[in-house]
Amino acid sequence: MFKANNNILLDCLHVKESGAKVLLIKLLEELVNTKNLMILLDQCIVLDEKLIEKHHIIRLKSSLLHRAYFYFKNNNSFCKIFTFNNLPPFFNSKTPSYVYFHNTLLLEKNNHIYSVKQKIILRLKKILIIRLKKNVDFWLVQTTHVSKLLVSAFEVKLDKVMLLPIIPNCEYSLNNNYKRVSNRMIYVSTGFEYKNHFRLIQAFCASHTLHNRGTLVLTVDKKFEKLSKFIKSKIELGFPIINLGEVKREKIIEEYLKSEFVIFPSLTESFGLGIVEGLNLGCKLIGANLPYTHSIAKTNYLFDPYCVDSISEQISKSFFNKQSETLLTVIDKSKFIKYEIEK
């Protein structure tokens with residue numbers, strides 16, 4: 001148990017990969033010199049030591065039981081609690097608490113998860129959040145879309161929701177030698193069902209059959225066996241699809257710089273990190289006609305993500321209509337989060 005009560009807790013347990021990790025790294029960059037910061041991390045997450053060397057780090061196994069026990073032992077040991085894993089603190093106290101909420105799978109009724117196991121896990125988490133929401137003073141979200149879902153799903157008061165998006169740095173050398181390739185499109189994403197790869201690949205192949213144009217770049221890890229086999233089968237048929245697998249961030253930035261378009265067919269997102277990064281690095285957007293897209297960007301290339309023909313039509317349109325402009329409409333507010341944590 002920690003005796004000092006001037007510590008600030010940053011609870012990042014359960015964050016270990018994907019977009020949440022990228023956002024966490026950006027936040028840690030802002031908080032690198034914050035005093036009295038204690039960070040609760042998943043024991044599996046790998047981070048640059050320079051980001052955390054000045055802070056008190058506690059690593060635990062990623063489980064709700066371990067997290068509950070930690071809060072039980074240290075319930076009144078902090079002057080402020082900031083959780084980055086969508087979950088409220090386990091116990092109510094006089095300590096001001098903030099939850100950074102960034103998972104729409106926990107908010108939408110049709111969350112496009114087909115695994116029974118995952119459905120059960122999400123359901124249990126929803127029940128837990130509803131039970132613990134009384135322990136939260138403020139909810140922080142990335143977009144107005146997530147704000148509306150949060151208010152509706154958990155009956156959170158709107159005046160308790162703060163719109164504070166985090167946009168990671170996309171630094172690269174100004175002297176880079178990457179030449180942007182016409183009609184090359186990239187989709188940086190894991191292989192979960194709601195990411196909608198099967199429809200995207202079918203649509204791309206249909207468009208390529210008609211026009212013999214374009215290259216599709218994917219980042220699907222081999223652990224998604226069914227999807228990986230599907231991608232391989234299309235490559236063997238001669239379609240210009242490149243699957244990089246899981247790659248380092250530097251390689252992803254390089255691929256954005258070589259691509260003309262970022263294409264984003266996901267069925268649900270809290271933010272659409274791939275859209276933000278792609279647009280920041282000069283790509284145009286071919287995106288799903290869904291609220292998460294409209295909350296962060298504007299583009300004329302919009303499709304129905306449930307319809308292969310609609311996706312294919314917009315891919316084909318992008319080959320011939322080069323006048324369309326794409327605009328990113330969201331800005332980074334991680335410095336404001338730092339202020340909320342430190343004040």
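Computed from a predicted structure; not experimentally measured. The residues of the chain are indexed from 1 along the displayed sequence.
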Could you verify whether a donor N or O on one side chain and an acceptor N or O on the other, from Tyr71 and Asp11, lie under 3.5 Å apart? yes
Is there a ring-ring contact (aromatic ring centres under 6.0 Å, His included) between His211 and Phe320 once you walk through the steps? CA-CA 10 Å; His211 305 293; Phe320 303 103; 5.2 Å; yes
Does the side chain of Ile201 reach to within under 4.5 Å of the side chain of Leu218, using non-hydrogen atoms? yes
Modelled atom types, side-chain donor and acceptor of Ser270 and Thr104, under 3.5 Å: no
Can you tell if the side chain of Thr190 reaches within under 4.5 Å of the side chain of Val220, non-hydrogen atoms only? no
Do the side chains of Phe264 and Tyr292 get nearer than 4.5 Å, heavy atoms only? yes
Would a distance-only check, ignoring hydrogens and angles, find a side-chain to backbone donor-acceptor pair under 3.5 Å from Ser228 to Phe224? yes
Under 3.5 Å, is there a donor-acceptor pair between the side chain of Ser152 and the main chain of Lys148? no
Walk me through it: do His197 and Tyr187 pass the test ring-ring contact (aromatic ring centres under 6.0 Å, His included)? CA-CA 9 Å; His197 282 88; Tyr187 182 34; 4.9 Å; yes
Is it true that Ser310 and Glu313 share a donor-acceptor pair across their side chains at a distance under 3.5 Å? no
For a 4.5 angstrom cut-off between non-hydrogen side-chain atoms, does Leu23 reach Phe84? yes
Once ring-ring contact (aromatic ring centres under 6.0 Å, His included) is applied, do any residues pair with Tyr69, and if so which ones, sequence neighbours excluded? none
Enter the distance from Thr268:OG1 to Asn196:CG here, rounded to the nearest 0.5 Å. 11.5 Å
For the student: nearest non-hydrogen atoms of Ser334 and Asp332, plus distance: OG-OD2, 2.8 Å
Under the rule for salt bridge (Lys or Arg N to Asp or Glu O under 4.0 Å), what residues qualify as partners of Lys223, not counting sequence neighbours? none
Regarding Asn289 and His294, is there a side-chain donor-to-acceptor distance under 3.5 Å anywhere? yes
Would you find a donor on one side and an acceptor on the other, under 3.5 Å apart, between the side chain of Arg59 and the backbone of Asp42? yes
If I take atom CZ from residue Phe239 and atom CD1 from residue Ile231, how far apart are they, to the nearest 0.5 angstrom? 14.0 Å
Using modelled atom types and a 3.5 Å cut-off, is there a donor and acceptor pairing between side-chain atoms of Ser316 and backbone atoms of Ser207? no
From the options Tyr256, Tyr301, Phe204, select the one residue that forms a ring pair (Phe, Tyr, Trp, His ring centres under 6.0 Å) with Phe261. Tyr301
Quick check: do Asn33 and Lys54 have side-chain heavy atoms less than 4.5 Å from each other? yes
Interatomic distance, NZ@Lys61 vs NE2@His66, rounded to 0.5 Å, equals 6.0 Å
One should read off an interatomic distance between Asn75 CG and Asn135 CG, to the nearest 0.5 angstrom, of 8.5 Å
Quick check against the 3.5 Å criterion: does Lys133 have a side-chain atom that pairs as donor or acceptor with the backbone of Leu128? no
For Asn86 and Leu106, the nearest pair of non-hydrogen atoms, with its separation, is CB-CD1, 4.2 Å
Do Lys160 and Phe138 meet the cation-pi criteria used here (NZ or CZ under 6.0 Å from the six-membered ring centre, within 45° of the axis)? yes
Do the rings of His102 and Tyr100 sit parallel, tilted or perpendicular, given the 30° and 60° boundaries? tilted
Between Ser62 and His14, is the side chain to side chain donor-acceptor pair (under 3.5 Å) condition met? List the steps. CA-CA 5 Å; Ser62 181; His14 312 306; 2.8 Å; yes
Atom pair CG/NZ of Asn92 and Lys134 - distance to nearest 0.5 Å: 6.5 Å
Has Phe319 got more than 12 heavy atoms of other residues, nucleotides or ligands less than 6.0 Å from its CZ? yes
Would a distance-only check, ignoring hydrogens and angles, find a side-chain to backbone donor-acceptor pair under 3.5 Å from Thr299 to Leu285? yes
With distance as the sole test, does Asp137 use its side chain to make a donor-acceptor pair with the main-chain N or O of Ser97 at under 3.5 Å? yes
Does Glu246 have more than 12 heavy atoms from other residues, nucleotides or ligands lying within 6.0 Å of its CD? no
Taking all atoms of both residues into account, what is the closest heavy-atom pair of Met185 and Ile315, and its distance? CE-CG2, 3.9 Å
Within a reach of under 6.0 Å around CZ of Arg180, are more than 12 heavy atoms found that belong to other residues, nucleotides or ligands? yes
For a quick test of reading the model, state the closest non-hydrogen atom pair linking Leu37 to Leu31 and the distance between them. CD2-CB, 4.1 Å
Pair Phe90, Phe70 - check ring-ring contact (aromatic ring centres under 6.0 Å, His included), show working. CA-CA 9 Å; Phe90 263 98; Phe70 173 84; over 10 Å; no
Assign the ring pair Phe101 / Phe154 to parallel, tilted or perpendicular, where the plane angle (0 to 90°) is split at 30° and 60°. perpendicular
Could you give the distance from OG (Ser266) to NZ (Lys195), rounded to the nearest 0.5 Å? 4.5 Å
